[in-house]
Amino acid sequence: MLVKTIEVVQEARHRGVAIGAFNTYNLELTRAIVETAEALSQPIILQLGVSAIKAGGEPLALATLAAARIARVPVAVHLDHCSNMSLIEQCFDWGFSSALADGSHLPYAENMAFTRQAVEVATRFDGTIEAELGYLAGTEDGVTVEEVESSLTDPMQAHEFVVESGAALLAVSIGNVHGYIPNPPPLDFERLAQVLTQVKVPLVLHGASGMVKEDIQRAISMGIAKLNINTEVRTAFLKAIAAWGVRVGGNPDPRKKGHDLLDLMQEAIASTQEVVESTIQTCSLL
Ligand code: 13P
């Protein structure tokens with residue numbers, strides 16, 4: 001069933017675990033994520049990034065919502081990293097439960113103004129805003145370890161930011177990065193502990209791909225309540241497609257067993273499910 005993000009995140013926090021938030025790009029990834037959550041009887045969040053929505057448009061957004069509505073477990077639908085207010089409003093209008101209003105690239109005062117405005121928009125739709133303070137770098141930025149370390153969340157600023165912006169969730173930057181970078185810096189658990197003493201809303205950890213399980217679970221035990229994962233799931237899907245291509249060769253014959261489009265999709269779903277399953281278990285501290 002389609003549920004509110006804030007409810008499933010708060011419920012996870014109450015249980016001392018985190019809810020897995022998985023980026024999806026198409027119906028097959030969505031099925032892989034939702035069916036795994038159903039098999040494990042666990043709630044999850046489906047997230048669409050701006051590039052996915054640009055590529056898939058309203059049909060992708062509505063298909064994701066439909067998959068959440070008919071799921072046998074609680075599923076929330078979230079807009080990931082968005083700095084475009086019109087798209088945030090559009091997603092709430094479609095029925096999304098939450099959005100990450102990402103003003104983290106902006107100077108502090110502008111991030112605050114942007115996040116406040118997003119909270120006003122979300123309130124009209126009874127939706128939730130995740131905010132981000134401290135810049136979360138990623139592979140696409142060609143980032144260095146020094147750059148990651150210079151953009152970590154300031155605990156005192158985080159307190160003021162959440163209180164004054166009205167955001168219901170806060171994404172923290174504690175050394176986590178998006179995607180895989182060589183030799184990532186260690187997570188700054190001391191900083192996380194300080195942010196947790198200053199901020200009363202649930203915290204979100206981005207960039208789970210490539211993070212060691214022990215670090216993720218330590219962060220969850222400390223209080224992280226939503227865990228975002230994208231690259232690892234997407235890569236599993238891509239690897240299955242690549243393996244299918246090698247096996248079938250340059251001239252697929254849909255009449256042959258294992259060569260059809262549906263076979264390809266099924267293989268991609270199956271390999272994605274393994275990553276989703278282990279992430280959900282990590283989130284449940286198993
Ligand atoms: P990864 O791609 O590192 O898993 O990060 C995903 C993410 O944080 C999405 O917001």
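Indexing begins at 1, ligand by ligand and atom by atom, following the structure's order.
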K.L.:
Within less than 4.0 angstrom of ligand 1, does V177 place any heavy atom?
P.N.:
yes

K.L.:
Which bit of N23 gets closer than 4.0 Å to ligand 1, counting heavy atoms only: side chain, backbone, both or neither?
P.N.:
side chain

K.L.:
Would the distance check show the side chain of E28 and the main-chain N or O of Q266 forming a donor-acceptor pair, the cut-off being under 3.5 Å?
P.N.:
no

K.L.:
Please report which non-hydrogen protein atom sits nearest to atom 7 (C) of ligand 1, along with the residue it belongs to and the distance in Å to one decimal place.
P.N.:
H178 CD2, 3.4 Å

K.L.:
Please list the nearest protein heavy atom to atom 2 (O) of ligand 1 with its residue and the distance rounded to 0.1 Å.
P.N.:
T231 OG1, 2.5 Å

K.L.:
Counting only heavy atoms closer than 4.0 Å, does ligand 1 sit against the backbone of E232, its side chain, both, or neither?
P.N.:
neither

K.L.:
Kindly say whether L46 contributes a backbone atom to a donor-acceptor pair with the side chain of T24 at under 3.5 angstrom?
P.N.:
no

K.L.:
Does ligand 1 have a heavy atom under 4.0 Å from the side chain of D80, from its backbone, from both, or from neither?
P.N.:
side chain

K.L.:
Can a donor-acceptor pair be found, under 3.5 Å and without considering hydrogens, that links the side chain of N111 to the backbone of E132?
P.N.:
yes

K.L.:
Which residue holds the protein heavy atom closest to atom 1 (P) of ligand 1, what is that atom called, and what is the gap in Å?
P.N.:
S209 OG, 3.4 Å

K.L.:
Please report the closest heavy-atom contact between V195 and A158, naming both atoms and the distance.
P.N.:
CG1-CB, 4.4 Å

K.L.:
Output the list of atoms in ligand 1 that are nearer than 4.0 Å to some heavy atom of A208, sorted by atom number.
P.N.:
3 (O), 4 (O)

K.L.:
Backbone or side chain, does any N or O of I229 fall under 3.5 Å from an N or O of ligand 1?
P.N.:
no

K.L.:
Check step by step if side chain to side chain contact (heavy atoms under 4.5 Å, CB included) holds for S209 and I229.
P.N.:
CA-CA 6 Å; S209 299; I229 185 159; 3.7 Å; yes

K.L.:
Find all atoms of ligand 1 within a distance of less than 4.0 Å from any non-hydrogen atom belonging to H81, and give their numbers and elements.
P.N.:
10 (O)

K.L.:
Check whether E130 reaches the backbone of L79 with its side chain - one donor and one acceptor, N or O, closer than 3.5 Å.
P.N.:
no

K.L.:
What is the nearest protein non-hydrogen atom to atom 3 (O) of ligand 1, stated with its residue, atom name and distance?
P.N.:
G179 N, 2.7 Å

K.L.:
Return yes if some donor-acceptor pair links the side-chain N/O of Q217 with the main-chain N/O of T282 below 3.5 Å, else return no.
P.N.:
yes

K.L.:
Under a 3.5 Å distance rule, please check whether T153 uses its side chain to pair with a backbone N or O of L133 as donor and acceptor.
P.N.:
yes

K.L.:
For atom 5 (O) of ligand 1, what is the nearest protein heavy atom, given as residue, atom name and distance?
P.N.:
G207 CA, 3.2 Å

